[in-house]
Amino acid sequence: MTRYLARRLAFALFLVIGVSSASLVLTRLAPGDFVAGSLGTQAPRATIERQRARFGLDKSIAAQYRDWLAKAVRLDFGYSMQYDRPVRDLVPERAANTAILSLTALVFATALGLPLGIVTGSRHGGLLPNTIRTVSLVLLSMPPLLTSLFLVFVAARTGWFPIAGMRSAGVPPGGALVDLLHHLVLPAAALGLPLAAMLERLQSQAMSEVVSEPFVLATLARGVPRFRVVWRDALKAALRPMAAVYGLIVGTLLSGSFAVEVISAWPGLGTLMLGALRTRDVYLVAGCAGAGALFLALGTLFSDVALAFVDPRASEAVEGRAGA
């Protein structure tokens with residue numbers, strides 16, 4: 001298992017480097033650059049050339065990438081041209097904000113979607129299961145971008161929740177946590193509701209298959225209450241497919257988080273990367289893309305660990321692959 005985890009971490013490192021490198025090169029290939037956009041075409045040519053040399057934009061793409069990679073292996077990812085700060089200082093700050101939003105949405109979606117999926121999967125009819133299925137289908141048809149726009153509209157009309165930002169101005173230190181939670185409600189709901197619907201559908205399908213298994217039918221035939229069979233015996237078996245795809249769900253969560261951050265002005269990686277793309281801040285784009293790839297790699301690793309926890313046979317298969 002240790003060797004397998006080491007391989008997964010090595011793959012995560014390769015993924016981060018690959019995604020960061022591709023992002024840097026593609027951003028550099030795009031028309032224009034940061035200096036031209038910030039100084040404008042009316043600036044003196046000598047000033048433009050001096051600034052381009054300062055940021056390394058006067059070099060060829062190959063030379064610029066070579067210099068960036070040589071520094072990146074020492075954890076020096078360059079300077080953000082827009083913020084005039086090291087990328088390795090700026091990205092973790094915003095990544096922490098994205099992690100707060102994503103983890104809150106993930107916990108909310110899991111706490112809502114899994115129990116509802118168990119209910120709909122263990123019952124073939126009835127008003128409650130049919131209502132849950134209908135609502136899930138509606139939410140699945142609404143991407144996080146559309147959900148966040150709808151919730152922002154509702155919040156603007158009702159005034160129940162802040163429509164933008166992460167903190168309010170002038171809040172005393174003692175009320176900072178409550179203020180943060182107040183700002184979290186809207187973006188976390190926008191991100192978590194479609195994800196909860198996805199989890200409900202996946203869990204419902206898995207539970208529907210498990211309750212038809214012979215061991216479940218035999219347990220019910222012995223007179224064991226259905227509630228106990230579903231929530232004790234069938235649940236563990238039904239969680240295996242969910243654990244197998246949880247890492248992919250985390251990747252979906254990250255991509256949705258970027259859209260929600262832009263709509264709700266949440267100061268995370270999404271808004272940071274959008275600003276970097278607009279200004280052609282190549283080093284910041286590479287840092288944001290690398291952080292996103294790291295989130296995805298860690299999510300996949302978490303999926304493997306979760307699957308091994310709910311299914312010991314998966315853990316044995318993992319150890320077999322690691323030893324091969």
Side-chain angles (χ1 to χ4, degrees), residues 1-28 65 67-80 82-83 85-107 109-110 144 166 187-188 191-192 195 243-262 266-277 281-309 318 322:
M1 187 67 174
T2 303
R3 291 179 60 187
Y4 176 76
L5 291 177
R7 290 182 182 180
R8 297 297 296 183
L9 291 175
F11 172 76
L13 179 61
F14 174 79
L15 180 65
V16 170
I17 293 176
V19 171
S20 300
S21 300
S23 300
L24 186 145
V25 172
L26 290 175
T27 305
R28 179 65 193 276
Y65 173 70
D67 294 344
W68 174 83
L69 188 61
K71 294 179 180 179
V73 297
R74 302 193 300 270
L75 301 182
D76 180 3
F77 302 102
Y79 264 72
S80 167
Q82 181 181 1
Y83 294 94
R85 292 182 57 193
V87 171
R88 66 180 178 187
D89 294 339
L90 188 58
V91 168
E93 294 175 3
R94 297 297 190 93
N97 295 340
T98 294
I100 291 173
L101 174 59
S102 299
L103 290 177
T104 302
L106 182 62
V107 171
T110 303
M166 185 176 175
L191 189 59
L195 182 59
V245 300
Y246 218 70
L248 299 177
I249 291 173
V250 172
T252 303
L253 178 72
L254 181 64
S255 61
S257 172
F258 280 18
V260 171
E261 286 180 10
V262 172
W266 185 266
L269 280 177
T271 51
L272 184 66
M273 188 165 188
L274 179 62
L277 286 170
D281 193 343
V282 291
Y283 302 120
L284 187 56
V285 169
C288 291
L294 181 61
F295 274 127
L296 180 59
L298 292 178
T300 305
L301 181 61
F302 173 76
S303 176
D304 292 341
V305 174
L307 181 59
F309 178 75
V318 165

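Given the structure is predicted, the values throughout are model-derived calculations rather than measurements.
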field: Shortest non-hydrogen contact between L191 and S257, atoms and distance
entry: CD1-N, 3.4 Å

- line: Across all chains, not counting sequence neighbours, the salt bridge (charged side-chain N to carboxylate O under 4.0 Å, His left out) partners of D89 are none

task: Examine distances only and state if a side-chain atom of R28 and a backbone atom of V282 form a donor-acceptor pair shorter than 3.5 Å.
output: no

- prompt: Out of curiosity, L277 CG to L26 CG, how far, rounded to the nearest 0.5 Å?
  reply: 10.5 Å

- request: Check Y83, Y283, Y79 against L90 for a side chain to side chain contact (heavy atoms under 4.5 Å, CB included) and give me the one that passes.
  value: Y83

query: Does a side-chain heavy-atom distance below 4.5 Å link R94 with T271?
result: yes

- request: Give the C-alpha distance, both sets of side-chain angles, the deciding distance and a yes or no for salt bridge (charged side-chain N to carboxylate O under 4.0 Å, His left out) between E93 and R85.
  value: CA-CA 12 Å; E93 294 175 3; R85 292 182 57 193; 2.7 Å; yes

message: I'd like to know if the side chain of W266 and the backbone of N97 have a donor-acceptor N/O pair within less than 3.5 Å.
response: yes

All pairs passing side-chain hydrogen bond (donor to acceptor under 3.5 Å, both in side chains) where residues 12-22 contributes a residue, at least two apart: S21-Y65

statement: Closest heavy-atom pair, A286 versus S23, reported as atoms and distance to 0.1 Å, is CA-CB, 4.2 Å

message: Has T98 got a side-chain atom pairing as donor or acceptor with L269's backbone, closer than 3.5 angstrom?
response: yes

message: How long is the straight-line distance from NZ of K71 back to CZ of R88, given to the nearest 0.5 Å?
response: 11.0 Å

message: Could you report the tightest heavy-atom contact between V91 and C288, atom names first, then the distance?
response: CG2-N, 4.2 Å

statement: Taken to the nearest 0.5 Å, the spacing of L294 CG from L15 CG works out to 8.5 Å

message: Could you check whether any side-chain N or O of D281 sits under 3.5 Å from a backbone N or O of S80, counting only pairs where one atom can act as donor and the other as acceptor?
response: no

statement: Smallest heavy-atom separation, M166 atom then P267 atom, equals CB-CD, 3.6 Å

field: Nearest non-hydrogen partners of V19 and A289, listed with the distance
entry: CG1-O, 3.6 Å

